[in-house]
**Q** 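Next up is a structure, given as structure tokens.
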Amino acid sequence: MIDSKEASAALSEIDEMVRRVRQSRIYDRASLIAVACGLLVVAGNLANYVVPRYGGVIWITVNLLNVVVVAAMSIVDYPKTARRTVDFRVLAAFVLFFAFGILATSVLGHFGPREMGVFWPIYFMLFYCLAGLWFGWAFIAIGLSITVLTLIGYFFITGFTFLLWMAVVNGGGLIVSGLWMRWGE
Amino acid sequence: MAELDEVIHQPLRLRIMAALNALPVSIGLEFSKLKKLTGATDGNLGAHIETLARAGYVAVDKAFVGKKPQTTVTATAAGRGAFSRHVATLQEIIAASEGER
């Protein structure tokens with residue numbers, strides 16, 4: 001029989017494994033979503049660069065596709081995870097996220113295309129940073145990196161080249177960070 | 001007080017069972033993922049999974065994903081039960097020691 005110190009150490013070991021497994025499952029799912037969203041953001045920025053006048057339509061489409069992709073992944077992954085990622089609360093969170101963004105940028109702020117191009121990624125990355133407080137430091141690292149790179153683009157890159165910069169740092173950043181989450185952790 | 005389960009009590013096997021038990025029933029972990037989570041070497045992990053499988057605590061499923069072989073390890077109902085009892089015994093040991101103070 002073991003003593004209470006050893007028993008306590010064994011229970012701590014169990015807790016640590018449970019924490020690692022949960023984090024690994026969150027990272028697995030989040031990495032797929034990051035790569036998919038990254039590809040959509042790259043496509044959105046490139047499309048916006050080619051046809052700037054359709055920017056509004058392009059970004060509404062990209063955002064709707066993002067929601068569809070996340071929902072589709074949840075459905076496809078369900079047999080492997082026995083867990084629904086997208087439920088009423090997640091959809092409500094998406095609605096609130098976009099409602100506040102539209103209120104801030106179009107109703108209160110009257111942002112121009114360039115400000116819109118900066119606001120949405122930074123706003124999105126704010127939630128990455130907040131998620132990191134619960135789900136692991138990788139989210140914070142990704143959120144802060146993309147935010148800083150986005151701001152660098154906003155202050156130092158002029159004209160439509162900014163959209164190419166955003167395709168690389170925002171879309172590319174999401175893809176690279178998704179792969180990093182998947183293989184690096 | 002119940003006896004500790006000697007199969008599970010070994011440190012690496014405890015980690016393996018803790019990891020598998022943290023998943024929903026019938027969901028398993030790939031060997032490579034389990035290796036990463038437990039920090040074990042291939043050989044060591046394989047040997048301890050074998051011990052757990054012989055005790056009926058885990059099921060090992062070998063399949064091909066594309067051309068790559070993939071081994072998935074899943075906790076069985078017996079394994080989950082044994083793990084729960086093992087955890088309860090650990091908690092009893094701590095509670096008994098606190099009661100003596």
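So you know, we letter chains A, B, ... as the sequences are listed, proteins then strands, and number each from 1.
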**Q** To check you understand the geometry: which heavy-atom pair defines the closest contact between A:R182 and B:K36, and what is its length?
**A**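 Heavy atoms only, the tightest pair is O-NZ, 4.1 Å.
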**Q** Please report the closest heavy-atom contact between A:A7 and B:L90, naming both atoms and the distance.
**A**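 Shortest heavy-atom separation between A:A7 and B:L90 comes out as CB-O, 3.7 Å.
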**Q** For A:R19, look at atom CZ and say whether over 12 heavy atoms of other residues, nucleotides or ligands are found less than 6.0 Å away.
**A**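 Result for CZ/A:R19: enclosed.
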**Q** Quick check: are there more than 12 heavy atoms from other residues, nucleotides or ligands sitting under 6.0 Å from CZ of A:F160?
**A**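 Incorrect, the count does not exceed 12.
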**Q** Which bit of A:D28 comes within less than 4.5 Å of chain B, counting heavy atoms only: side chain, backbone, both or neither?
**A**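 Just the side chain, heavy atoms under 4.5 Å.
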**Q** Drop me the distance from B:I16's CD1 to A:M17's CE, to the nearest 0.5 angstrom.
**A**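 It comes to 8.5 Å.
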**Q** Stepwise, does the side-chain contact (heavy atoms from CB on, under 4.5 Å) test hold for A:I2 with B:H9?
**A** CA-CA 10 Å; A:I2 61 171; B:H9 189 59; 3.7 Å; yes
**Q** Any side-chain heavy-atom pair from A:E13 and B:P11 closer than 4.5 angstrom?
**A**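 The answer is no; the side chains never approach within 4.5 Å.
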**Q** How close do A:V18 and B:A18 get, counting heavy atoms only, and between which atoms?
**A**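 Nearest pair, atom of A:V18 first, then B:A18: CG2-O, 4.2 Å.
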**Q** Is A:V69 reachable from A:L32 through a run of hydrophobic residues whose side-chain heavy atoms are each under 4.5 Å from the next?
**A**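 Yes, same cluster.
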**Q** Indicate if A:W180 and A:Y128 have the same hydrophobic cluster label, given that clusters are the connected sets of ILVMFWY residues with side-chain heavy-atom separations under 4.5 angstrom.
**A**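 Shared cluster, yes.
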**Q** CD1/B:I93 to CG/A:D3 distance, rounded to the nearest 0.5 angstrom?
**A**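 With rounding to 0.5 Å, CD1 (B:I93) is 8.5 Å from CG (A:D3).
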**Q** Please answer: with hydrophobic residues joined when any side-chain heavy atoms are less than 4.5 Å apart, are A:M125 and A:F94 in the same cluster?
**A**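 Yes; A:F94 is reachable from A:M125 via cluster members.
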**Q** Any chance you could measure A:I14, atom CD1, to B:H86, atom NE2, to the nearest 0.5 Å?
**A**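 So the CD1 of A:I14 and the NE2 of B:H86 are separated by 6.0 Å.
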**Q** To the nearest 0.5 Å, what is the distance between CD on B:Q91 and OG on A:S8?
**A**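 If we round to the nearest 0.5 Å, B:Q91:CD and A:S8:OG are 10.5 Å apart.
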**Q** First locate atom CD of A:E6, then atom CG of B:L4, and finally report the distance between them rounded to the nearest 0.5 Å.
**A**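 Output value for this atom pair is 9.5 Å.
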**Q** Can you confirm whether more than 12 heavy atoms, excluding those of A:F127, are under 6.0 Å from its CZ atom?
**A**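 Atom CZ in A:F127 is crowded, with more than 12 foreign heavy atoms closer than 6.0 Å.
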**Q** Are A:L126 and A:F111 connected in a single hydrophobic cluster, I mean Ile/Leu/Val/Met/Phe/Trp/Tyr linked by side-chain heavy atoms less than 4.5 Å apart?
**A**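 Cluster IDs for A:F111 and A:L126 match.
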**Q** So how far is it from B:I27 CD1 to A:R25 CZ, rounded to the nearest 0.5 Å?
**A**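 Going from CD1 on B:I27 over to CZ on A:R25, the span is 7.0 Å.
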**Q** With hydrophobic residues grouped by side-chain heavy-atom distances under 4.5 Å, do A:V62 and A:V57 end up in a single group?
**A**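 No; A:V57 is not reachable from A:V62 via cluster members.
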